[in-house]
Colleague: 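After the structure tokens below, expect a handful of questions from me.
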Amino acid sequence: DAGVIQSPRHEVTEMGQEVTLRCKPISGHDYLFWYRQTMMRGLELLIYFNNNVPIDDSGMPEDRFSAKMPNASFSTLKIQPSEPRDSAVYFCASRPRGLWGQPQHFGDGTRLSIL
Amino acid sequence: QQQVKQSPQSLIVQKGGISIINCAYENTAFDYFPWYQQFPGKGPALLIAIRPDVSEKKEGRFTISFNKSAKQFSLHIMDSQPGDSATYFCAAALAGTASKLTFGTGTRLQVTL
């Protein structure tokens, strides 16, 4: 059973460029989450979707960040324009329906470096 | 506002010893308390979880102890092994929020031979 798949695994780009991170959740999972991990701020939830609909985007740092989920098997996180402070590891996670106890399954992340 | 405080930041334990990581939370509405384990280059993976009406949960060598009145919970790793060397995160979630997790800052555990 394939897990959450993220691409690319590594991305290095220059400041001001547009960056698009991609995620394929586990088939059948209703929820999809985007996180950012840095040494300074730890793991932060950016946004999550339920059945492809954004539910809570209160963690999105600013308007330069946007996320979409056009269908149940694909989501993107876009940064435009990118800045050096956006450098981090970005994780996507998915989870099946149900309230208590359903674990989030994380992908292996995209390590983003903005020069 | 940090709602889940985790300590210590790092921990070195000898093989066979007990590793203990502590977390404290502020929001009494939290009702789901998982621990995640993360290896370098990988995403976090659920290790064990507990709900607040239970004081202890054990799965193999891993035990969560929960103190609702003190708003604290801890992870105990018995008979620690070098393969347990990883970063451990506690987390908490509110009821009905689809497990919208608030994570602690992480503890880097090293188990030495």
Side-chain angles (χ1 to χ4, degrees), chain A residues 2-10 21 23-26 29-60 88-111, chain B residues 1-10 21 23-25 27 29-54 57 59 62 64 66 73 86-108:
Chain A
V4 174
I5 300 173
Q6 293 186 244
S7 64
R9 289 299 314 277
H10 303 274
L21 311 181
C23 175
K24 177 178 170 57
I26 293 173
H29 282 193
D30 289 350
Y31 293 90
L32 183 138
F33 305 81
W34 281 101
Y35 290 88
R36 178 172 66 177
Q37 185 175 39
T38 61
M39 289 295 293
M40 291 299 295
R41 300 177 67 88
L43 264 168
E44 302 174 278
L45 176 65
L46 300 177
I47 185 172
Y48 79 92
F49 296 82
N50 180 18
N51 290 323
N52 313 337
V53 176
I55 302 300
D56 186 338
D57 65 354
S58 59
M60 295 287 263
V89 181
Y90 290 81
F91 288 102
C92 175
S94 70
R95 172 187 177 276
R97 73 181 60 182
L99 291 176
W100 195 91
Q102 292 292 346
Q104 294 185 22
H105 299 259
F106 283 75
D108 287 338
T110 294
R111 182 173 295 275
Chain B
Q1 179 186 2
Q2 183 184 8
Q3 296 189 58
V4 180
K5 295 183 179 180
Q6 184 172 347
S7 63
Q9 190 173 4
S10 63
I21 305 170
C23 282
Y25 62 97
N27 192 336
F30 285 145
D31 82 332
Y32 174 61
F33 301 90
W35 284 89
Y36 278 76
Q37 179 187 54
Q38 184 179 27
F39 293 104
K42 297 292 186 180
L46 179 67
L47 190 61
I48 187 172
I50 197 168
R51 59 190 312 157
D53 55 352
V54 176
K57 183 174 182 180
E59 290 184 2
F62 301 91
I64 299 180
F66 189 85
F73 59 110
T87 300
Y88 293 82
F89 294 92
C90 63
L94 296 170
T97 58
S99 297
K100 179 182 174 182
L101 296 172
T102 300
F103 282 90
T105 50
T107 296
R108 191 166 184 173

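For clarity, every value in this text was computed on a predicted model and none was experimentally measured. Just so it is clear: chains get the letters A, B, ... in the order the sequence lines come, proteins before strands, and each one is counted from 1.
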Colleague: According to side chain to side chain donor-acceptor pair (under 3.5 Å), who are the partners of A:R111, at least two apart in sequence or on a separate chain?
Modeller: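 A:R111: no side chain to side chain donor-acceptor pair (under 3.5 Å) contacts found.
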
Colleague: Within this structure, what is the OH-CG distance for the pair A:Y35 and B:L101, rounded to the nearest 0.5 Å?
Modeller: 4.5 Å

Colleague: Would you say that B:P44 contacts A:F91 through its side chain, given a criterion of any heavy-atom pair below 4.5 Å between the two side chains?
Modeller: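 B:P44 vs A:F91: side chains touch.
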
Colleague: Listed by chain and number, what are the side chain to side chain donor-acceptor pair (under 3.5 Å) partners of A:D56, not counting sequence neighbours?
Modeller: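 By the side chain to side chain donor-acceptor pair (under 3.5 Å) rule, A:D56 matches A:S58, B:K100.
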
Colleague: Are the side chains of B:F89 and A:Q37 in touch, meaning some heavy atoms are under 4.5 Å apart?
Modeller: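 Yes, their side chains come closer than 4.5 Å.
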
Colleague: Between A:L43 and chain B, with a heavy-atom cut-off of 4.5 Å, which part of the residue counts as in contact: side chain, backbone, both or neither?
Modeller: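 Both backbone and side chain.
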
Colleague: Decide if atom CZ of A:R9 counts as having more than 12 heavy atoms of other residues, nucleotides or ligands within a radius under 6.0 Å.
Modeller: yes

Colleague: Quick one: CD on A:Q102 to OH on B:Y32, what's the gap to the nearest 0.5 Å?
Modeller: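 Here the rounded value is 8.5 Å.
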
Colleague: Atom OH in B:Y36, atom CZ in A:F106: separation rounded to 0.5 Å?
Modeller: 5.5 Å

Colleague: Over all heavy atoms of both residues, which pair between B:L46 and A:P103 is shortest? Give the atoms and the distance, please.
Modeller: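 Minimum heavy-atom contact is CD2-CB, 3.2 Å.
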
Colleague: Does B:E59 CD have over 12 foreign heavy atoms under 6.0 Å away?
Modeller: yes

